[in-house]
Chemist: 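One structure coming up, written as structure tokens, with questions to follow.
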Amino acid sequence: MEWAIEAEGLGKRYERRQALGGVDLAVPPGTVLGLLGPNGAGKTTTVKMLATLLEPDSGRARVAGYDVVRQPAEVRRRIGLAGQYAAVDDMLTGRENLVLIGTLAHLGRRAARVRAAELLERFGLTGAAGRPARTYSGGMRRRLDLAACLVATPSVLFLDEPTTGLDPVSRSQLWDAVKELVTHGVTVLLTTQYLEEADILADRIAVIDTGRIIAEGTPEELKRRAGEERLEVSLTRPESLARAADALRGVAPGEPSVDPAGGTVSITLSDGMESIESAAAALRRADVTVADFALRRPTLDDVFISLTGKTA
Ligand code: ATP
């Protein structure tokens, strides 16, 4: 299989500090890899090496089929980079920014104008196309920045914390734009500090900590690894806690856990819906009045904390 992004043993030292200690990645074409990690884990260093902005000290990487050290020009021709490197010129209008980039990418003036118009339309910026970028909101700038790195139709896109600081509406507009690119076959490597963002966009997630990949999998696989689903039953009367625990004991393997302070009893769910039905029936038979019946799934936050001991 030809990977869109492939790295083996990528390492980097800054003076005395080992920033990356052997990172391996393999991203299939047309998919999104989420690179998650706490501050200083090595996400930006990884992206910079894959985008040919920084040479690795050890290991090797290929992007869009080309070696990042030996064939950097070929790599650059096929990638886009957005996020912390805003390529937008504040003094130019949205349209001028995109036309300039198209011209620099040797599209030719006419093709650059056509491409700019297409991208302005796609990112909802046609109305603001004639205004200088300095008058744009944060969300509009990010969309212009993303449009700018798509001018030359890259096949691999690096998004380094693309939605940091955006409001929820702008964030979800940007997510939609990224999803659309992926349906057109673009491969995306996304670094983010928002676990929800990785959950929504990423096909697979690699968790990086102190320069090493410490876990990799689909969002669902990682969540399952952090723990099982639990059913949490809140009771209206604390005196029925013991009765509720008795009733739930036969429903799932493992002892129900009782939280007297919270007035809840919870069990681990082994087979999802069936256990929920049996639990409801058992509580009804035991004549226990239930205030709330909630399914608790591990979130990516739980995964992150259990793997790194840190919150994202
Ligand atoms: P953040 O989420 O804070 O951007 P990150 O995961 O992107 O973090 P990197 O920026 O890749 O992390 O940094 C990895 C490590 O390398 C950190 O310990 C950082 O302090 C160090 N580092 C990064 N750039 C340099 C540099 N130019 N010189 C020295 N040390 C550096």
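Just the heavy atoms: all of them, side chains too, but no hydrogens, waters or symmetry mates, feed the values below. Predicted model, so just to flag it, every value in this text is computed and none were measured. Both counts, for ligands and for their atoms, begin at 1 and track the order of listing.
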Chemist: Which of the atoms in ligand 1, numbered in the order shown and given with their element, are less than 4.0 Å from a heavy-atom of Ala19?
Modeler: 15 (C), 16 (O)

Chemist: Go through the structure and list residues passing side-chain contact (heavy atoms from CB on, under 4.5 Å) with Arg249, not counting sequence neighbours.
Modeler: Ala245, Asp246, Glu255, Pro256

Chemist: For the salt bridge (Lys or Arg N to Asp or Glu O under 4.0 Å) test, which of Arg70, Arg77, Arg76 pairs with Glu74?
Modeler: Arg77

Chemist: Under 4.0 Å between a side-chain nitrogen and a carboxylate oxygen: does that hold for Arg141 and Asp90?
Modeler: yes

Chemist: Under 4.0 Å, heavy-atom basis, I'd like to know which part of Glu15 is in contact with ligand 1: side chain, backbone, both or neither.
Modeler: neither

Chemist: My understanding is that we take every heavy atom of each candidate and find the minimum distance to atom 1 (P) of ligand 1. Doing that for Gly40, Gly42, Gly211, which one comes out nearest?
Modeler: Gly40

Chemist: Using a strict 4.0 Å cut-off to heavy atoms of Thr44, name the atoms of ligand 1 that fall inside it.
Modeler: 4 (O), 5 (P), 7 (O), 10 (O), 11 (O)

Chemist: Is there a heavy atom of Lys48 sitting under 4.0 angstrom from any atom of ligand 1?
Modeler: no

Chemist: Would one find an N or O of Thr45, backbone or side chain, under 3.5 Å from an N or O of ligand 1?
Modeler: yes

Chemist: Check each of Arg296, Arg230, Glu232 against Ser266 using the side chain to side chain donor-acceptor pair (under 3.5 Å) test, and report the only one that passes.
Modeler: Arg230

Chemist: Under a 3.5 Å distance rule, please check whether Arg78 uses its side chain to pair with a backbone N or O of Pro154 as donor and acceptor.
Modeler: no

Chemist: Can an N or O of Asn39 be found at a distance shorter than 3.5 Å from an N or O of ligand 1?
Modeler: yes

Chemist: I need the atoms of ligand 1 closer than 4.0 Å to a non-hydrogen atom of Glu161, numbered in the order shown.
Modeler: 2 (O)

Chemist: Hey, mind stepping through Phe123 and Leu150 against side-chain contact (heavy atoms from CB on, under 4.5 Å) and telling me if it holds?
Modeler: CA-CA 11 Å; Phe123 288 100; Leu150 295 175; 3.6 Å; yes

